[in-house]
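Notes follow the structure.
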Amino acid sequence: MAAHLDLEEQEQLEQVKAFWKRWGNLITWVITLALAAYAAWQGWNWYERDQANQAAAMYDEFERAAQAGDVDKASGISNDLRSRFAKTGFTAQAGLQAAKLQFEKGKADAAQQNLEWVAEHGNLPEYRDLARLRLAGVLMDAKKLDEAAKALDGVTAAEFAALVADRRGDLALLQNKPDAAREQFQKALAGLEKTQDYRRLVEAKLATLGVAVPEDAASAAK
């Protein structure tokens, strides 16, 4: 009986040896690649968290500079975020805020550059659309009307439709097209909630074009 078991065990051992000889290298490579992929995935997650933490710290510093009105420092930090952490939301937010501060401080060219970067590279469609909307305003202020129109053409989010129409109305006025402006302002007014304060500005624009806003709509906006 013992001899029979020994022979059986020997046959199994030989089968294992034959299997490993044929498939051993392949199995080793598969296991090695699986372990490497897992290690890479873990490493990437750590890298992403580390990048986000560093970007958040820089964004906090940026906000302090922006709140203090230090346009040079805020612009520098925004540029650093752009070069080091381009794919984070912090970078897009900083770009939008830096552009606002730059424009208010009379640095329209720098504001335009920031908005163009966010419009092209912002990590979310909402940031890109918001940048295009603001960029159109900066371009209109610089009388670059064709470029402003192209910026507005790039805004696709439905939630910005009313604001786009309002900007198109402003653009039509600059192009001496009052009828087109009136149409766009009416479209903007129709797309804004009755409780939104921004309606009052659009109503005022329509009033200058001789369009009376219905009394119920005006009172609802108050």
Side-chain angles (χ1 to χ4, degrees), residues 28-142 147-148 150-164 166-167 192-193 195-198:
T28 300
W29 275 107
V30 169
I31 293 172
T32 301
L33 288 173
L35 290 173
Y38 178 75
W41 178 74
Q42 290 283 67
W44 177 253
N45 284 340
W46 174 86
Y47 174 79
E48 289 280 279
R49 288 192 298 270
D50 181 63
Q51 292 280 290
N53 289 336
Q54 290 186 57
M58 287 184 67
Y59 183 74
D60 286 343
E61 186 180 356
F62 166 83
E63 280 198 313
R64 287 192 291 271
Q67 289 170 4
D70 190 338
V71 64
D72 291 333
K73 184 174 182 180
S75 299
I77 297 171
S78 177
N79 290 337
D80 287 344
L81 278 166
R82 199 162 66 187
S83 63
R84 296 177 59 189
F85 310 110
K87 294 182 179 180
T88 70
F90 294 111
T91 301
Q93 292 178 54
L96 291 169
Q97 292 184 51
K100 180 177 181 294
L101 181 61
Q102 288 163 341
F103 188 77
E104 291 172 348
K105 298 291 185 179
K107 298 187 175 184
D109 289 342
Q112 180 180 333
Q113 291 172 8
N114 253 319
L115 291 171
E116 286 173 342
W117 188 90
V118 178
E120 182 69 24
H121 303 288
N123 69 317
L124 292 175
E126 293 80 4
Y127 289 141
R128 296 194 292 271
D129 277 348
L130 186 56
R132 293 183 185 109
L133 193 60
R134 294 182 180 178
L135 176 61
V138 173
L139 292 169
M140 280 190 281
D141 191 72
E147 293 179 43
K150 290 179 181 178
L152 291 173
D153 288 342
V155 181
T156 58
E159 56 265 35
F160 291 129
L163 295 178
V164 170
D166 178 56
R167 285 292 192 197
L192 292 168
E193 295 290 336
T195 55
Q196 286 183 270
D197 290 337
Y198 196 80

In terms of heavy-atom contacts, Ala92 and Asn123 come closest through CB-OD1, 4.0 Å

Sorted by chain and residue number, the salt bridge (Lys or Arg N to Asp or Glu O under 4.0 Å) partners of Asp109 (sequence neighbours excluded) come out as none

Phe103 meets the ring pair (Phe, Tyr, Trp, His ring centres under 6.0 Å) criterion, sequence neighbours left out, with none

Taken to the nearest 0.5 Å, the spacing of Asn79 CG from Thr91 OG1 works out to 11.0 Å

On a heavy-atom basis, the closest approach of Phe160 and Val155 is CB-CG1, 3.9 Å

Note: Ala94 and Phe62 closest approach over all heavy atoms is O-CZ, 3.3 Å

For residues 111-118, which side-chain donor-acceptor pairs fall under 3.5 Å, sequence neighbours excluded?
from   : atom 1 : to     : atom 2 : distance (Å)
Gln112 : OE1    : Lys144 : NZ     : 3.4
Gln112 : NE2    : Glu116 : OE2    : 3.0
Asn114 : OD1    : Arg82  : NH1    : 3.3
Asn114 : ND2    : Gln102 : OE1    : 3.1

Quick note, salt bridge (Lys or Arg N to Asp or Glu O under 4.0 Å) partners involving residues 86-103, not counting sequence neighbours, are Lys100-Glu104

Quick note, salt bridge (Lys or Arg N to Asp or Glu O under 4.0 Å) partners involving residues 69-81, not counting sequence neighbours, are Asp72-Lys107

Taking every heavy atom of Ala148 against every heavy atom of Ala136, the minimum-distance pair comes out as CB-O, 3.7 Å

Closest non-hydrogen contact found for Gly69 with Leu101 is CA-CD1, 4.3 Å

Separation between CG (Leu163) and CG (Leu192), nearest 0.5 Å, reads 6.5 Å

Scanning both residues in full, the closest heavy-atom pair of Thr88 with Ala55 reads OG1-CB, 3.9 Å

Residue pairs passing the salt bridge (Lys or Arg N to Asp or Glu O under 4.0 Å) test with at least one member in residues 125-142, sequence neighbours excluded, are Asp129-Arg132

| message | Taking CD in Glu159 as the centre, count heavy atoms belonging to other residues, nucleotides or ligands within less than 6.0 Å. Is the count above 12? | response | yes

Hits for side-chain hydrogen bond (donor to acceptor under 3.5 Å, both in side chains) against Asp60, two or more places apart or cross-chain, chain-then-number order -> none

(Q) side chain to side chain contact (heavy atoms under 4.5 Å, CB included) for Phe90 and Met58? Distances and angles first, verdict last. (A) CA-CA 9 Å; Phe90 294 111; Met58 287 184 67; over 6 Å; no

